[in-house]
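Letters A, B, ... mirror the listed sequences (proteins, then strands); counts begin at 1.
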4 protein chains.
Amino acid sequence: MSEPSKTPPTSKDVRPGPGRKRSEASRLAILSATRELIGELGYERLSIGGIASRAGVGKDTIYRWWPSKGMVVADAVLEEAQPFYLAPPARSGSVDQDVRAWVHALARDFVDPVRAGRIRAVTAAASEDPATAERLYERFTQVQRTGLIDRLRLAAEAGEVRPDADFGAVVDAILGSLMYWVTARRADLSIASVDSLLDVLLRGLRVAPESEPEPADGRKA
Amino acid sequence: MSEPSKTPPTSKDVRPGPGRKRSEASRLAILSATRELIGELGYERLSIGGIASRAGVGKDTIYRWWPSKGMVVADAVLEEAQPFYLAPPARSGSVDQDVRAWVHALARDFVDPVRAGRIRAVTAAASEDPATAERLYERFTQVQRTGLIDRLRLAAEAGEVRPDADFGAVVDAILGSLMYWVTARRADLSIASVDSLLDVLLRGLRVAPESEPEPADGRKA
Amino acid sequence: MSEPSKTPPTSKDVRPGPGRKRSEASRLAILSATRELIGELGYERLSIGGIASRAGVGKDTIYRWWPSKGMVVADAVLEEAQPFYLAPPARSGSVDQDVRAWVHALARDFVDPVRAGRIRAVTAAASEDPATAERLYERFTQVQRTGLIDRLRLAAEAGEVRPDADFGAVVDAILGSLMYWVTARRADLSIASVDSLLDVLLRGLRVAPESEPEPADGRKA
Amino acid sequence: MSEPSKTPPTSKDVRPGPGRKRSEASRLAILSATRELIGELGYERLSIGGIASRAGVGKDTIYRWWPSKGMVVADAVLEEAQPFYLAPPARSGSVDQDVRAWVHALARDFVDPVRAGRIRAVTAAASEDPATAERLYERFTQVQRTGLIDRLRLAAEAGEVRPDADFGAVVDAILGSLMYWVTARRADLSIASVDSLLDVLLRGLRVAPESEPEPADGRKA
DNA sequence: GACTAACCGAGACGGTACGTCTTGTCTTGGG
DNA sequence: CCCAAGACAAGACGTACCGTCTCGGTTAGTC
């Protein structure tokens with residue numbers, strides 16, 4: 001979940017060669033110090049020097065393995081990310097049940113102040129460095145997005161939801177809402193609101209009970 | 001749209017007193033230079049000194065009137081924000097038409113690279129300074145949010161949409177999606193996706209055609 | 001002792017014309033505030049803004065009448081300089097008595113901590129601004145120097161001291177010693193040391209008791 | 001003549017420890033740039049940033065090793081101070097010859113415009129910062145003072161000069177005069193004046209040729 | 001008694017320098 | 001070759017003053 005990002009020793013391309021091996025202790029100390037300092041200072045006031053000093057590590061050891069502060073933060077947060085929401089939703093029941101259960105689990109995590117702080121840190125990191133954004137998207141967002149989309153597609157095949165909806169847009173609305181609540185609105189992310197949004201979305205996705213003639217009016221494209 | 005932020009001369013509480021008056025030319029030069037530099041450098045590489053130098057202004061003149069880089073950016077962007085999406089959606093037709101028209105207009109703005117860059121800048125500013133976040137929320141997000149919510153409430157009174165939905169959550173899903181697309185996903189915000197999301201949401205909000213028995217299953221709270 | 005230095009209303013060249021007259025109250029407040037702040041902060045940490053604020057005066061009122069911080073300090077100190085050492089030494093006795101009495105009076109002033117602080121301030125002012133140095137030399141040092149030299153010349157005419165000595169050099173040694181003690185050596189200026197120096201100098205100036213054959217050896221030029 | 005002033009590695013108290021060593025090249029570049037800028041701008045208009053920029057060095061490298069502008073100037077000037085006047089006067093002849101030779105050498109240095117400029121700079125530095133004054137006194141003035149006093153004391157033992165004079169006061173008059181000429185009087189320091197002062201002082205120090213009864217009159221203490 | 005010019009307080013202005021902080025690189029000595 | 005320590009060049013930070021420039025408001029004269 002956080003191998004060297006700069007020179008990833010992908011399998012065999014690096015000869016074991018002479019020289020001291022990378023210190024796992026240092027790597028862990030750096031990521032752990034980073035998580036601590038995110039909690040104490042937030043992303044902006046975090047500094048590479050501060051992490052090195054807290055971790056009892058030379059600054060160069062950080063620069064040797066990570067290209068930027070954002071990447072360190074990304075790895076630090078990813079390392080402790082809960083595994084359950086990197087797994088796709090269950091397929092054992094109705095879409096409603098499965099999606100709701102999965103989103104609830106994620107939302108509960110977002111509600112925790114420590115986790116929310118890390119989400120904000122990681123968001124700030126992404127917003128100032130495209131490479132970090134890319135990494136986070138690949139390793140975090142995309143996994144969730146794909147999992148949810150696939151579950152919806154399965155439901156479509158099962159005839160539970162309309163097959164012609166843009167599932168990507170729907171999933172983005174769910175994940176975007178959560179992000180929006182912990183970053184932009186900084187407010188009370190309530191489980192009730194999440195639930196209510198899911199109500200509307202799932203109802204909107206449901207196959208028309210009869211021959212409802214299309215949304216009809218107001219469509220642009 | 002960008003009166004002094006530090007000592008807002010709220011109506012009459014500031015006597016015209018002695019001393020040179022604030023230079024409107026400087027204020028405009030600062031905000032204009034800020035917008036230019038956001039486009040050229042992005043928020044992170046923007047510096048107070050750089051703004052001052054580009055604007056032909058002393059750094060103190062910036063620090064005298066704004067408490068942080070974020071606030072300068074907020075004012076710079078707010079000053080040129082289009083007025084139409086600070087106005088509420090029209091009430092002249094179906095909810096579908098009115099909401100769609102309003103969201104389209106906003107989305108078209110988000111698609112413009114210059115505007116999108118400013119949105120990202122303003123988002124970064126908000127994510128590193130709560131005071132800036134607060135200002136932006138008050139002056140930008142809240143206005144839009146309230147406008148949309150009120151339009152939905154009106155529709156509820158008119159029997160167009162279900163009155164028991166959490167309109168706040170729905171609106172946050174719309175605005176959150178847009179934010180999410182220009183910041184986190186950094187991807188192609190397509191009008192088609194926006195439209196598709198609106199389809200699902202509006203359909204989900206529509207009053208049940210008959211005695212649909214409630215979402216029923218999977219509800220948590 | 002401290003008329004306007006910038007635009008000295010030398011007699012008649014300025015028509016009395018209409019317009020408000022210079023405020024004597026402001027002038028006094030400025031010089032007085034300057035003396036206070038010299039005591040509290042020393043010359044280096046003194047600022048024009050600080051003087052203006054302490055004096056309850058606009059900065060421009062200072063800049064209108066004085067060209068530099070050094071000049072304000074010069075005037076502030078000159079205004080309260082004791083008159084006795086701006087008068088020449090008495091001519092009522094032996095050179096020894098007259099010179100010693102005059103130098104004692106001056107030295108006693110230099111020993112006072114407040115006065116010594118002002119001397120140091122004025123010295124710093126002179127060392128950073130030639131115009132201030134010039135003004136202080138004219139109004140302070142030169143007066144003393146000329147007075148002492150004249151007294152020694154009178155003694156030479158009276159046959160009390162050797163007429164071929166360089167009285168300027170001797171007087172500079174006296175005044176230079178005092179300056180040196182309060183500025184460079186920052187040490188204990190003791191009246192005893194002054195006395196001892198005067199012993200040596202006056203003895204060295206005394207006419208040779210008999211046909212002493214000249215210093216003879218070691219002369220360079 | 002200019003080891004680190006902040007953390008002087010006095011012999012063994014600093015373990016050689018890990019970490020990059022202080023760059024001698026930077027140290028020399030800083031002191032050399034300082035001397036250049038003293039000549040071009042004078043002490044007052046000298047700035048740390050200017051020194052750093054001229055030396056091709058970061059500001060921090062200056063602040064790391066010197067506590068103030070004054071100290072940098074002190075080290076810069078001390079480093080190129082001529083060694084001869086930090087050595088005591090010769091003891092190879094009459095006091096007259098030895099003292100005169102030594103003072104001439106010093107005075108010739110003071111006459112040189114570049115050296116005089118440095119003396120003025122160092123004086124200004126001392127006058128605005130006690131710590132700098134202390135350092136300069138220890139490393140420069142005190143050495144000269146002690147050397148001269150010792151030579152006079154030796155002469156006293158040899159019966160060349162009166163043993164009861166305050167040699168400190170006499171030496172201060174010599175050194176003070178020189179300082180006074182280059183700083184306060186800003187005037188023509190002429191070798192002739194120095195010589196004349198030495199005439200008077202040395203004559204005044206000479207043992208009374210016969211039973212001269214004491215200065216007698218006018219003595220205070 | 002109005003006019004008018006200069007002075008005054010206040011304080012904003014464009015600048016320069018400050019001393020601190022952080023960045024990313026380089027160097028040293030030890031493992 | 002890795003690592004901790006830490007010096008280095010670069011440059012942004014926010015503060016303090018500089019000396020200049022409006023602002024209204026206040027005094028004197030002169031019409």
Side-chain angles (χ1 to χ4, degrees), chain A residues 16-23 25-26 29 45-50 52-53 55-65 67-69, chain B residues 15-23 25-27 29 45-53 55-65 67-69, chain C residues 14-23 25-26 45-53 55-65 67-69, chain D residues 15-23 25-27 29 45-53 55-65 67-69:
Chain A
R20 192 172 174 175
K21 290 298 169 300
R22 177 174 185 185
S23 161
S26 289
R45 284 183 299 166
L46 192 66
S47 71
I48 300 275
S53 153
V57 137
K59 278 200 300 172
D60 251 24
T61 302
I62 299 180
Y63 284 112
R64 201 179 346 259
W65 301 109
S68 67
K69 185 173 82 164
Chain B
R15 54 127 186 60
R20 189 175 176 170
K21 290 299 174 293
R22 179 175 185 182
S23 160
S26 290
R27 208 196 107 249
R45 285 183 296 165
L46 192 67
S47 73
I48 300 273
I51 296 170
S53 153
V57 139
K59 277 201 298 173
D60 248 24
T61 301
I62 300 181
Y63 284 112
R64 202 184 340 264
W65 300 110
S68 67
K69 185 174 81 166
Chain C
V14 177
R15 54 133 186 56
R20 190 175 176 172
K21 288 297 172 296
R22 176 175 185 183
S23 159
S26 290
R45 285 183 298 164
L46 192 67
S47 72
I48 300 274
I51 295 171
S53 155
V57 138
K59 278 200 300 173
D60 249 22
T61 303
I62 298 181
Y63 284 113
R64 203 184 337 265
W65 300 110
S68 68
K69 185 174 83 165
Chain D
R15 55 129 186 58
R20 189 173 177 171
K21 291 298 175 295
R22 178 175 185 180
S23 160
S26 290
R27 208 196 106 247
R45 284 182 299 164
L46 192 66
S47 73
I48 299 274
I51 295 170
S53 152
V57 139
K59 278 200 300 174
D60 248 24
T61 302
I62 299 181
Y63 285 113
R64 196 180 348 259
W65 300 110
S68 67
K69 185 173 82 165

Of all the nucleotides listed ([options]), which has the minimum atom distance to the side chain of [X]?
| X | options | answer |
| --- | --- | --- |
| D:S23 | E:dA10, E:dC7, F:dC8 | F:dC8 |
| C:I48 | F:dG14, F:dG19, F:dT22 | F:dG19 |
| D:P18 | F:dG19, E:dT28, F:dG24 | E:dT28 |
| B:Y63 | F:dC17, E:dT25, F:dC13 | F:dC13 |
| C:R20 | E:dT25, E:dC7, F:dA10 | E:dC7 |
| A:V57 | F:dA4, F:dC23, F:dC18 | F:dA4 |

Taking the nucleotide of DNA chain F with the closest heavy atom to each, which residue, B:L46 or A:D60, is nearer the 5' end? A:D60
Would you say [X] places a side-chain N or O within less than 4.0 Å of OP1 or OP2 belonging to [N]?
| X | N | result |
| --- | --- | --- |
| A:T61 | F:dA4 | yes |
| D:S47 | E:dC18 | yes |
| C:R22 | E:dA6 | no |
| C:W65 | E:dA6 | no |
| B:S26 | E:dA12 | no |

List the atom of [X], the atom of [Y], and the distance in Å for their closest heavy-atom pair.
| X | Y | value |
| --- | --- | --- |
| D:A55 | D:A29 | CB-O, 3.5 Å |
| B:S23 | B:S26 | OG-N, 3.0 Å |
| A:L46 | A:K69 | O-NZ, 3.0 Å |
| D:G49 | D:K59 | CA-CD, 3.9 Å |
| C:I62 | C:I48 | CD1-O, 3.9 Å |

Specify the residue among D:K59 and C:K59 whose closest nucleotide of DNA chain E lies further upstream toward the 5′ end. C:K59
Give the angle between the helix axes at the two ends of the helix from E:dG1-F:dC31 to E:dG31-F:dC1, taking five base pairs at each end and rounding to 10°.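 Result, rounded to 10 degrees: 10°.
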Does the side chain of B:T61 come within less than 4.5 Å of B:R64's, by heavy atoms? yes
Can you tell if the side chain of D:R27 reaches within under 4.5 Å of the side chain of D:W65, non-hydrogen atoms only? no
Taking [atom1] from [X] and [atom2] from [N], how many angstroms apart are they, rounded to a whole number?
| X | N | atom1 | atom2 | result |
| --- | --- | --- | --- | --- |
| C:I62 | F:dC17 | CD1 | P | 13 Å |
| D:R64 | E:dC21 | CZ | P | 13 Å |
| B:K21 | F:dT20 | NZ | C1' | 17 Å |

With a non-hydrogen cut-off below 4.0 angstrom, is B:G50 in contact with a base, only sugar-phosphate, or nothing? nothing
